[in-house]
Amino acid sequence: MNSKRPVNLDLGKFHFPLPAITSILHRVSGIIIFVGVAFMLYGLDVSLSGEEGFEQVNELLSGFFAKLIVWGILSALLYHLVAGIKHLIMDMGIGETLEGGRLAAKLTIATSVILIVLAGVWVW
């Protein structure tokens, strides 16, 4: 065996480039959307069950914690949408260079932050 291999890796020393971070966040946002859709569909089912169910969901969604969850799901959806569009553009051959990837990652973050803030204003 190679004795020069590290035994304990210090994960604090690893620094990912911005395009890698945006790619990881794209995957995480997809998981959040997948889980969040189940709760949103349950709320839709209850609200469509009748007037009483609609009032229950309406009362539940008027609370701060529920608005925070809805904003989180909406934020994940918006980020996933923007990052997905970036991937589609890169699939067409635009921005495939190292510098293009960095610029696309910066634009993805900036656009997502603007949309997420606007979504927060809309939810509250």
Side-chain angles (χ1 to χ4, degrees):
M1 287 182 56
N2 187 357
S3 63
K4 293 183 181 181
R5 289 179 36 188
V7 179
N8 295 321
L9 292 176
D10 184 14
L11 296 178
K13 291 183 179 179
F14 290 104
H15 298 285
F16 293 107
L18 188 60
I21 293 170
T22 58
S23 180
I24 292 167
L25 287 175
H26 186 231
R27 295 162 201 261
V28 169
S29 67
I31 293 169
I32 293 170
I33 294 167
F34 182 77
V35 172
V37 163
F39 291 105
M40 299 303 270
L41 285 176
Y42 175 73
L44 179 65
D45 181 47
V46 171
S47 72
L48 293 176
S49 66
E51 190 173 330
E52 183 179 308
F54 179 80
E55 290 300 324
Q56 282 179 331
V57 172
N58 194 20
E59 182 180 323
L60 177 70
L61 289 178
S62 64
F64 175 77
F65 189 64
K67 285 184 178 182
L68 186 65
I69 291 173
V70 168
W71 182 56
I73 294 170
L74 192 57
S75 298
L77 181 65
L78 290 170
Y79 179 81
H80 199 77
L81 175 71
V82 172
I85 291 171
K86 177 194 75 142
H87 282 291
L88 287 174
I89 291 172
M90 291 182 83
D91 284 344
M92 291 187 295
I94 300 169
E96 288 183 331
T97 63
L98 182 61
E99 197 56 42
R102 287 182 184 146
L103 178 63
K106 290 175 186 175
L107 288 174
T108 299
I109 296 292
T111 306
S112 297
V113 166
I114 291 169
L115 291 175
I116 289 169
V117 168
L118 289 175
V121 169
W122 181 67
V123 167
W124 274 288

message = Please tell me whether Trp71 and Phe64 are part of a single hydrophobic cluster in this structure, the criterion being side-chain heavy atoms less than 4.5 Å apart.
response = yes
Under 3.5 Å, which donor-acceptor pairs do the side chains of residues 82-92 form with other protein atoms, sequence neighbours left out?
none

request  = Could you tell me whether a side-chain N or O of Ser23 sits under 3.5 Å from a main-chain N or O of Pro19, the two making a donor and an acceptor?
outcome  = no
Under 3.5 Å, which donor-acceptor pairs link side chains of residues 104-124 to any protein atom two or more places apart or in another chain?
{"residue": "Thr108", "atom": "OG1", "partner": "Ala104", "partner atom": "O", "Å": "2.7"}
{"residue": "Thr111", "atom": "OG1", "partner": "Leu107", "partner atom": "O", "Å": "2.7"}
{"residue": "Ser112", "atom": "OG", "partner": "Thr108", "partner atom": "O", "Å": "2.7"}

request  = Using a 4.5 Å cut-off on heavy atoms from C-beta on, say whether the side chain of Ile69 contacts that of Ile73.
outcome  = yes
ask   = Sequence neighbours excluded, which residues qualify as salt bridge (charged side-chain N to carboxylate O under 4.0 Å, His left out) partners of Glu99?
value = Arg102
message = Could you measure the distance from the NE2 atom of His80 to the CZ atom of Arg27? Nearest 0.5 Å is fine.
response = 10.5 Å
request  = Quick one: pull up CD in Glu55 and OG in Ser47 and give me the separation to the nearest 0.5 Å.
outcome  = 11.0 Å
key: Within one Ile-Leu-Val-Met-Phe-Trp-Tyr cluster: Leu77 and Leu41, side-chain cutoff 4.5 Å   = yes
query = Ile24 and Leu81: same hydrophobic cluster, using ILVMFWY side-chain contacts below 4.5 Å?
reply = no
request  = Look up atom CZ in Phe16 and atom OG1 in Thr22, then write down how far apart they are to the nearest 0.5 Å.
outcome  = 12.5 Å
ask   = Ala76 and Ser29: which non-hydrogen atoms are nearest, and at how many Å?
value = O-CB, 3.6 Å
query = Mind checking whether Tyr79 and Ile21 sit in one hydrophobic cluster, side chains of I, L, V, M, F, W, Y counted as touching below 4.5 Å?
reply = yes
ask   = Do Leu61 and Val46 share a hydrophobic cluster, counting only Ile, Leu, Val, Met, Phe, Trp and Tyr and linking them when any side-chain heavy atoms are less than 4.5 Å apart?
value = yes
